Novice: 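Handing you a structure now.
Below, all heavy atoms of this structure are taken into account, side chains as well, without hydrogens, waters or symmetry copies. Chain identifiers are assigned alphabetically (A, B, ...) following the order of the sequence lines, protein sequences preceding nucleic acid strands; residue numbering begins at 1 within each chain. Small disclaimer: the values here were computed from a predicted structure and weren't measured.
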2 protein chains.
Amino acid sequence: MNTSPPRSLHQVPGRPSPTLEDLALAAGVSRSTASRAINGGDRVSPEARAAVDRAVADLGYIPNRAARSLVTRRTSSIALVIPEPDVRVMMDPFFAVVITGITEALRETDVQLVLLMSRTGDDSARTLRYLRGGHVDGAIVVSHHRADSWARSLSETGLPTIFIGRPWDTASDVTYVDTDNEGGGRLAARHLAGIGRRRLATVAGPADMTAAVDRLRGWQAGLRDAGLPEGPVVHADFTTDGAAAAARQLLTDHPDVDGIFAASDLMALGVLEAVHASGRTVPGDIALMGYDNHAVAGTASTPLTSITQSIMQMAVRAGAMLLEEIEAPGSHPEPVVYSTELVERASTMVAPRASAVKA
Amino acid sequence: MNTSPPRSLHQVPGRPSPTLEDLALAAGVSRSTASRAINGGDRVSPEARAAVDRAVADLGYIPNRAARSLVTRRTSSIALVIPEPDVRVMMDPFFAVVITGITEALRETDVQLVLLMSRTGDDSARTLRYLRGGHVDGAIVVSHHRADSWARSLSETGLPTIFIGRPWDTASDVTYVDTDNEGGGRLAARHLAGIGRRRLATVAGPADMTAAVDRLRGWQAGLRDAGLPEGPVVHADFTTDGAAAAARQLLTDHPDVDGIFAASDLMALGVLEAVHASGRTVPGDIALMGYDNHAVAGTASTPLTSITQSIMQMAVRAGAMLLEEIEAPGSHPEPVVYSTELVERASTMVAPRASAVKA
DNA sequence: AGGAACCGTGGGAGCGCTCTCACTCCGTGG
DNA sequence: CCACGGAGTGAGAGCGCTCCCACGGTTCCT
């Protein structure tokens, strides 16, 4: 016989937490009834339920998730998958808002959010293993680059999945939420054309990101609508420095442009720098627009006209949709696309020099 | 009788994932041996191990975490607790870096990061329940306000916990990592004094946050060191607008100040605005410093001198320390404090007007 | 040569929970 | 009056895993 208590190697000192058995004993019912009472089953008499409730409070009973999960095959947790997040990408307020939004959708639920960031290809294999290992009930994937084949891989596992941002591979029945990047691009073109600019150019984002491609497509459509030529297009990598370099080239090749649409505010900052460095003014010589309505858009030396999109709303929706699909598998909700709006600031306003511009 | 197969309510269609039993069968060993091989136990013959490895690959075996967790009482996951995170706080790049850093510390481990954001008091009770429920092996708490009593509550549960940012309640044996806010404040005072400013004021952060208090203490110590008077102190809430208001008041009450230290870059932006609005120039009339070396410090209309702190390094360390403490409970590591550095930019440089300032 | 000390192995118990099934106790209808 | 069904309950199996223990086979020491 073993005399020493058979404790596992890592055990929090204090008293062991009460089990369902203890609870049942305290409540004077069977384990089964206690379980039913706890899970809100409807085959429990009011008295039994009350007794259990009291015992829960007395004992400070907390169900063991592992045990529950073992039999139900549900984990009450979902994953937020962020493929290849270099720090720079992570710093984007976008992620903060996405995380906050999902968390918002999850409150009132006991579902927890597990963060899965897979940097290298090696890592992403592990991530995929984790996901198909049944360790989460569903996943929200922040879709980014054309390269990552998350859409296909995940849909194969049958794990309920929602994409934030339209994935490349829309062919399959993937569900996603997104903002209307195309509409936003169109708004930008319409606005710049509307204030009388005629020689318009854009600093687009990377060609392997749907958001960038969609904004560009919308921009070009908007130009067509306004009867303007398609104008020069240069691509940059959504960073300030990258955009500055691209804009320098643009200004050299097309010295006559009078309006530029940068596909992100951070890039617009770079464009602003390049425009100033070339001796031109904003908005005097060149009207400039950004996208995202990032905080910096308001604080830039010339506050930037930009396009807002309710990322928070989108993230909350994504969370809610995932919960729905977990609850009722097979229901493949339609993709949801949120509209965008234009926010006008000094960078596209002609007359008054920026002075008292407050958010 | 129910004729339909007795499946649990939510079951992924595909074939059920192989269990350890299946694995053992395929490898031609017992379940015990398979388990040992998988967990890297040392009592396994090379042949057996190889057979198991092969079977793992063949079957695509993934251990069931719930079952494992049930018996080991380990969950292979840790929590990142963010008390009362309003969206504004979340947008701070600080969190992005913290998350990235912790994730970095966790790779090469199969430990997962669970995000616990508790907004309301009600929420925080749930969070605490979750933590003491044994659902995670440890926690990293981003410490913020004096009010939240996380330090005490958690240390009572015995759950391994690391604080990021010195908690208020240092009395107990809490382990934390932090940056040297006091040293940073001192650096700021020394720098402004060093460039010849004599009438110095500070826009400090909220008095209920240790980071703010420490920076202020350091600042005041630095002034003393330099033989300067303690000068005016106004408090703001780490936001741009709040600081702008505070600075306006400051400039009214003390029109002769020639140097201001704002305890964050975002606040420095507000101060900058107020200084300009009062018709003064930076750095001509007033030398201005921020703190954090936030991205905006470089992109502001007058690039801001600031204090850098390696939050990434701190976060990685926090993750590593937590893993250590989980591995070897009882080892209470000493708090770690990372040093800070000054980054000089136009806002404290006298002669040349800001023009070609590049990061 | 005999025992101790090991090694690699397999059997079995049991972690805390849910869920099926059987059972009792009613009320209801034939 | 007895069969019947439903509501409330409890016993028991079993989810997939780890870990303790017992067992045969070496090797090493006495």
Novice: Heavy atoms, side chains only, cut-off 4.5 Å: are B:Ile62 and B:Ser17 in contact?
Specialist: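 B:Ile62 does not reach B:Ser17 side chain to side chain.
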Novice: Could you tell me if the side chain of B:Leu20 sits less than 4.5 Å from the side chain of B:Leu23, heavy atoms only?
Specialist: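 Contact flag for B:Leu23/B:Leu20 side chains = yes.
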Novice: In Å and rounded to the nearest 0.5 Å, what is the CD to CD distance from A:Gln112 to B:Gln112?
Specialist: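 Nearest 0.5 Å value for the CD-CD distance: 14.0 Å.
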Novice: Under the side-chain contact (heavy atoms from CB on, under 4.5 Å) rule, collect the residues that match up with A:Thr127, sequence neighbours excluded.
Specialist: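 So A:Thr127 forms a side-chain contact (heavy atoms from CB on, under 4.5 Å) with A:Val81, A:Leu116, A:Ser118, A:Leu131, A:Trp150.
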Novice: Looking only at heavy atoms, which two atoms of A:Val141 and A:Pro83 are closest? And how far apart?
Specialist: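 Looking at all heavy atoms of both residues, the closest pair is CG1-CG, 4.3 Å.
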Novice: Could you report the tightest heavy-atom contact between A:Thr175 and A:Met321, atom names first, then the distance?
Specialist: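 Of all heavy-atom pairs spanning A:Thr175 and A:Met321, the closest is CG2-CE, 3.3 Å.
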Novice: Return the 5'-most residue of the pair A:Tyr61, B:Gly28 with respect to DNA chain C, ranking by each residue's nearest nucleotide.
Specialist: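 Checking each residue's closest nucleotide, the 5'-ward one belongs to B:Gly28.
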Novice: Between CD of B:Glu21 and OG of B:Ser35, what distance do you get to the nearest 0.5 Å?
Specialist: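 Going from CD on B:Glu21 over to OG on B:Ser35, the span is 11.5 Å.
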Novice: Grab the CZ-C1' distance between A:Arg73 and D:dG16 for me, whole Å please.
Specialist: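 Rounded to whole Å, this separation is 8 Å.
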Novice: Between the protein and nucleotides 6-9 of chain D, list every N/O to N/O distance that falls short of 3.5 Å.
Specialist:
from	atom 1	to	atom 2	distance (Å)
D:dT9	OP1	A:Ser45	OG	2.8
D:dT9	OP2	A:Ser45	N	2.8
D:dT9	OP2	A:Ser45	OG	3.4

Novice: Are side-chain heavy atoms of A:Thr19 and A:Asp22 found at a separation under 4.5 Å?
Specialist: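 Of all side-chain heavy-atom pairs linking A:Asp22 with A:Thr19, at least one is under 4.5 Å.
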Novice: I'd like to know if the side chain of A:Thr103 and the backbone of A:Ile99 have a donor-acceptor N/O pair within less than 3.5 Å.
Specialist: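 At least one qualifying donor-acceptor pair exists.
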Novice: Once you round it to whole Å, what is the distance between P of D:dC15 and CG of A:Leu20?
Specialist: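 Whole-Å distance recorded here is 19 Å.
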Novice: Charged N to carboxylate O below 4.0 Å: is that the case for B:Glu327 and B:Arg74?
Specialist: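 Between B:Arg74 and B:Glu327 there is a salt bridge, with a charged N closer than 4.0 Å to a carboxylate O.
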Novice: Under 3.5 Å, which N/O atoms of the protein pair with N/O atoms of nucleotides 25-27 of chain D?
Specialist:
none

Novice: So A:His332 and A:Glu325, do their side chains get closer than 4.5 Å, heavy atoms only?
Specialist: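 Contact flag for A:Glu325/A:His332 side chains = yes.
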Novice: In dot-bracket, 5' to 3', how would DNA chain D read with Watson-Crick or G-U wobble pairs under 3.5 Å, [ ] for crossing ones and | for pairs to another strand?
Specialist: ||||||||||||||||||||||||||||||
Novice: Distance check needed: C:dT18 C1' versus A:Arg31 CZ, whole Å only.
Specialist: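 Going from CZ in A:Arg31 over to C1' in C:dT18 covers 9 Å.
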Novice: Distance check needed: C:dC19 P versus A:Asn39 CG, whole Å only.
Specialist: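 About 7 Å, once rounded to whole Å.
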Novice: In whole angstroms, how far is the C1' atom of D:dC17 from the CD atom of B:Glu21?
Specialist: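 Answer to the nearest Å: 10 Å.
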Novice: Between residues 62-70 of chain B and DNA chain D, which residues have a heavy-atom gap below 4.0 Å?
Specialist: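 Within residues 62-70 of chain B, the residues near DNA chain D are B:Pro63, B:Asn64, B:Ala67, B:Arg68, B:Leu70.
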Novice: Could you tell me whether B:Thr19 contacts a base, only the sugar-phosphate backbone, or nothing, with contacts defined as non-hydrogen atoms closer than 4.0 Å?
Specialist: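 Here B:Thr19 touches the backbone only, sparing every base.
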Novice: Is there any side-chain hydrogen bond (donor to acceptor under 3.5 Å, both in side chains) pair reaching into residues 52-62 of chain B, and which pairs are they, with sequence neighbours excluded?
Specialist: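 Checked against side-chain hydrogen bond (donor to acceptor under 3.5 Å, both in side chains) - neighbours excluded - no pair reaches residues 52-62 of chain B.
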Novice: Starting from P on C:dG16, measure out to CD1 on A:Ile38 and report it in whole angstrom.
Specialist: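 To the nearest whole Å, that distance equals 14 Å.
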Novice: Are any side-chain N or O atoms of B:Thr161 and backbone N or O atoms of B:Leu159, one a donor and one an acceptor, separated by less than 3.5 Å?
Specialist: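 Yes, B:Thr161 side chain to B:Leu159 backbone: donor-acceptor pair under 3.5 Å.
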